[in-house]
Undergrad: 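Dropping a structure here in structure tokens format, bear with me for questions.
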Protein chains: 2
Amino acid sequence: MEPLAFHHHDHSHCEGDVMHRAEALAKEQRLRLTPVRKRVLEILLEAHKAMGAYDVLQRLAAEGFGNQPPVAYRALEFLVEHGLAHRIRRLNAFTACMHPGEAHSPAFLICRQCDSVAEADAAGVRAALGASAEALGFTIERSNIEALGLCPACKTE
Amino acid sequence: MEPLAFHHHDHSHCEGDVMHRAEALAKEQRLRLTPVRKRVLEILLEAHKAMGAYDVLQRLAAEGFGNQPPVAYRALEFLVEHGLAHRIRRLNAFTACMHPGEAHSPAFLICRQCDSVAEADAAGVRAALGASAEALGFTIERSNIEALGLCPACKTE
DNA sequence: CTTGACTTGTGATATTATCACATATACGCC
DNA sequence: GGCGTATATGTGATAATATCACAAGTCAAG
Ligand SMILES: [Zn+2]
Ligand SMILES: [Zn+2]
Ligand SMILES: [Zn+2]
Ligand SMILES: [Zn+2]
């Protein structure tokens, strides 16, 4: 997993590349990446940060898709369900997954200044969490790990 | 930190004990644990699970306190701010802290069956998360770590 | 007692999320 | 290619969660 998020990178490439992988993944798994769903993923990728469902909806509506909340929520739910996007509970928002297909258990680093969201590798984190849980007899099925703070760019400003 | 949550325990004692420590803490830190705030903490302790703000509000209103959302939200915010309660973002809910005063960085284990919430020790988890973040140049200020799964009681049923 | 900070009550409103049901589209099968 | 079924979408309504703004009350220091 590449920690690209906070480094300068060719963003248009990052969009295209992730989108390409997402489409390949969809075909491979017989997922129906319909126009709305695909467009929502594109919108998230373009924004490159977490977006609320209503922000996404506004974009969709402006482009001729439905303008009622379920339109956005259903597409976002689909993307999250299939690992193409992530839900950031702390922000009541969603963000495109930068590593679709790769089995990954992300932790999210949320900059409180610029609202950027990065996926950090959380394999170690999850192992530690699993150990803590196991000690209590608890079986973890899903988890969300989110951190708020300052990204390197905002720290130096 | 005692992992009491999922074990059978004298719940009335647990309530009283935590409440007692909370009051001591409040006095020590010159916090104003007013009637509403104290009552909210009691309500959370009695429930011994995560409660939504509106559930708390309903209880408060029934007891003669204000019946508008800010009444509950303000008290809950105060408790969270001062480490007497925690916010569970995954549930849009709040739960009393079982370890007030003790510096602790909890992870929450949420049972999807019985909705109980336990605080697990997350020192190791947080260390791992900090390392991941530091590798990206990100400075963590606050974080929330929540896991959804099955508690030992519900697993055997 | 007066002042100023903090707290509470209350009405209104904003934001986030889900439900219900009709219509339309895609897919598997013949 | 038709047919029936599952899936997806559009749409209106509503639920659930959270915040704002301002008036009134409380408390403690000086
Ligand atoms: Zn991801
Ligand atoms: Zn930043
Ligand atoms: Zn705690
Ligand atoms: Zn349980």
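Predicted model only: the values in this text are computed from it and were never measured.
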Undergrad: In whole angstrom, what separates A/L33's CG from D/dA8's P?
TA: 12 Å
Undergrad: Which nucleotide, D/dA18, D/dT11, C/dT7, lies nearest any side-chain atom of B/P69?
TA: D/dA18
Undergrad: Given D/dG10, D/dG12, C/dT8, which nucleotide is nearest the side-chain atoms of A/Q68?
TA: D/dG12
Undergrad: Starting the side chain at C-beta, find the nucleotide from C/dA17, D/dA21, C/dT8 nearest to B/T34.
TA: C/dT8
Undergrad: Would you kindly give the CG-to-P distance between B/L76 and D/dT17, to the nearest whole Å?
TA: 13 Å
Undergrad: In whole Å, I'd like the distance from the CE atom of A/M51 to the P atom of C/dT16.
TA: 12 Å
Undergrad: Taking all non-hydrogen atoms of both residues into account, name the closest pair between A/S116 and A/K49 and its distance.
TA: CA-CB, 4.3 Å
Undergrad: Look at all strands and tell whether B/R30 reaches a base, only sugar-phosphate, or nothing, counting heavy atoms closer than 4.0 Å.
TA: nothing
Undergrad: Tell me whether the side-chain N or O atoms of B/Y54 pair up with the base of D/dA15 as donor and acceptor below 3.5 Å, since no angle test is needed here.
TA: no
Undergrad: Could you state the CG-P distance from B/L60 to C/dT10, rounded to the nearest angstrom?
TA: 13 Å
Undergrad: Just wondering, are more than 12 heavy atoms of other shown residues or ligands nearer than 6.0 Å to CD in A/E46?
TA: yes
Undergrad: Rounded to whole Å, how long is the line connecting atom CG of B/L31 with atom P of C/dA5?
TA: 20 Å
Undergrad: Return the value, rounded to whole Å, for the distance between atom CZ of A/R89 and atom P of C/dA17.
TA: 8 Å
Undergrad: Decide whether A/L150 and B/I140 are clustered together by the hydrophobic rule: side chain heavy atoms of Ile, Leu, Val, Met, Phe, Trp, Tyr closer than 4.5 Å, transitively.
TA: no
Undergrad: Does CD belonging to A/Q29 count more than 12 external heavy atoms closer than 6.0 Å?
TA: yes
Undergrad: By nearest heavy atom, map B/R32 and B/V71 onto DNA chain C; which one lands nearer the 5' end?
TA: B/R32
Undergrad: Just checking B/R37: base, sugar-phosphate only, or nothing, at a heavy-atom cut-off of under 4.0 Å?
TA: sugar-phosphate
Undergrad: Check B/I110 against A/F138 and note the closest heavy-atom contact, atom names and distance.
TA: O-CZ, 3.2 Å
Undergrad: Could you tell me how far apart B/R74 (CZ) and C/dG9 (P) are, to the nearest whole angstrom?
TA: 8 Å
Undergrad: So, is A/N92 close to the D/dT17 phosphate, meaning a side-chain N or O under 4.0 Å from OP1 or OP2?
TA: no
Undergrad: Among the nucleotides C/dT8, C/dT18, C/dG11, which one has an atom lying closest to any side-chain atom of A/P70?
TA: C/dT18
Undergrad: Rounded to whole angstroms, how far apart are NE2 on A/H82 and P on D/dT7?
TA: 11 Å
